Amino acid sequence: GARRAAATTTAASPAAAACPAQIRLAVQSRQVLGRGVGPLALEGGTVWVADPASGALVRATASGHSAVQLGGTPISVAVGFGRVWVAERDAGRIVSVDPRSLAQLTSAGVPVPVRVLTGPIGVWGLSLDNASLFQLDPVGGASVRHIDVPVIDPADMVAVGNELWVLGAGEGGLSPVNAVLGRIVRAGFDRPGQALSGLSVNATTIWLGETTGRSLLRVDARTGAVRQLPAPGAIQPIATAPGACGLWVADASGDLAIIDPDTGRALGPLLHIGRSVAALAASGTGVWVTDPIDGTLVRVDLAPGG
């Protein structure tokens, strides 16, 4: 994902400015980038896409796309501090790339990194191999410290204030770590036996998909309270992204919906965007979607109509 914070705690209601009262989802564009495309990050009008299958980092704009081969299975991408940061899982490193020339600038060893993020608390990588958070120097790119995480098989993370909330695939757990203090100061929660994915955040609201349960988890990062909402239709959510008009939700088979973040109600008919979905990144009233089977980057926006 990169697919991160919007301006308010919950997405705006469909009656808000620029959000149609009757929502219909429409594909606005479709670019063929290559089979296997997955994680996304946005920077203005540029979409950065990691392709774990080919080892490429792709820069896509309205006028076309270009790519640089990184190898090492790029599994996560983030933009910040004037650079593009890529976690290369199989190479055991996190690299930074110049967004204009696509030249590699830095490289830091991180054992089996599965996520990289940037924000006000810096640049952080998440290691599956030794269940640790690695803080990277945003200028030199080197690892400056690491913090153990309280979950099994860490798979993803989001930042809320001074905390990094880490998702553990082993026990279906989500736990916060205080990145400033460098330690755990409060407990999260576990959902044993549940397949959790699609971690995203909007201010202090964290979203997760409970795939097999066909439901969504809404977590208040201030209190740790968890609320369960039904996923729309037959969607088994694997990706979420808070947007300006609602919460975007998708499943692996290519179905996409936008829902009311308070009730879980679908705000319009579902849209089948292709053969698969890997990741979502909301932008304005729309969303960017990667389809790894078709190898496409799809832009979906809202159109008036029921």
Side-chain angles (χ1 to χ4, degrees), residues 1-5 39 41 50 72-81 83-96 106-192 196-208 217 219-224 226:
R3 41 184 195 249
R4 301 307 172 221
T73 314
I75 199 70
S76 177
V77 58
V79 182
F81 301 95
R83 301 175 183 191
V84 183
W85 301 83
V86 184
E88 296 183 67
R89 185 188 64 200
D90 295 351
R93 64 181 184 176
I94 293 176
V95 301
S96 68
T106 63
S107 176
V110 174
V112 192
V114 290
R115 181 78 166 89
V116 60
L117 65 75
T118 62
I121 55 174
V123 182
W124 291 85
L126 178 63
S127 167
L128 170 64
D129 194 48
N130 65 357
S132 293
L133 292 162
F134 284 75
Q135 185 176 14
L136 306 184
D137 179 353
V139 177
S143 173
V144 293
R145 65 169 174 156
H146 73 273
I147 306 168
D148 293 338
V149 297
V151 299
I152 301 170
D153 297 333
D156 202 353
M157 63 176 170
V158 291
V160 183
N162 290 334
E163 291 182 320
L164 295 167
W165 286 74
V166 184
L167 175 65
E171 77 281 37
L174 185 68
S175 293
V177 176
N178 190 299
V180 175
L181 299 178
R183 58 186 174 87
I184 303 154
V185 297
R186 59 187 178 129
F189 66 89
D190 292 341
R191 291 263 171 160
L196 302 182
S197 63
L199 184 64
S200 66
V201 67
N202 182 18
T204 59
T205 300
I206 299 172
W207 291 96
L208 275 166
L217 299 182
V219 184
D220 187 331
R222 296 164 299 184
T223 65
V226 182

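Computed over heavy atoms, backbone and side chain alike; hydrogens, waters and symmetry mates excluded. If you read the sequence from its start, that first residue is 1, and numbering goes on from there. Not measured: the values here are computed from a predicted model.
The side-chain hydrogen bond (donor to acceptor under 3.5 Å, both in side chains) search around S175 returns none, not counting sequence neighbours. By the side-chain hydrogen bond (donor to acceptor under 3.5 Å, both in side chains) test, E163 is found to be paired with W165, R186, residues two or more places apart in sequence or in another chain being considered. Under the rule for a side-chain contact (heavy atoms from CB on, under 4.5 Å), the partners of L181 that lie at least two apart in sequence or sit in another chain are N178, R183, V185. Remark: P154 pairs with L126, L128, A131, V149, V151, V166 by the side-chain contact (heavy atoms from CB on, under 4.5 Å) rule, at least two apart or across chains. Residues that satisfy the side-chain hydrogen bond (donor to acceptor under 3.5 Å, both in side chains) test with D153, not counting sequence neighbours, are absent from this structure. The salt bridge (Lys or Arg N to Asp or Glu O under 4.0 Å) check on R191 picks up E210, with sequence neighbours excluded. Partners of R93 under the salt bridge (Lys or Arg N to Asp or Glu O under 4.0 Å) rule, at least two apart in sequence or in another chain, are E88. Taking the side-chain hydrogen bond (donor to acceptor under 3.5 Å, both in side chains) definition, one finds that T118 meets it with nothing, sequence neighbours left out.
Counting only residues at least two apart or on different chains, the side-chain hydrogen bond (donor to acceptor under 3.5 Å, both in side chains) pairs with a member in residues 133-145 are Q135-R145. Annotation: ring pair (Phe, Tyr, Trp, His ring centres under 6.0 Å) contacts involving residues 107-145, sequence neighbours excluded, comprise F134-H146.
In summary, the side chains of S96 and T106 do present a donor paired with an acceptor at a separation below 3.5 Å, with no hydrogens or angles considered.
A 4.5 Å side-chain heavy-atom check between L199 and L174 finds at least one atom pair inside the cut-off.
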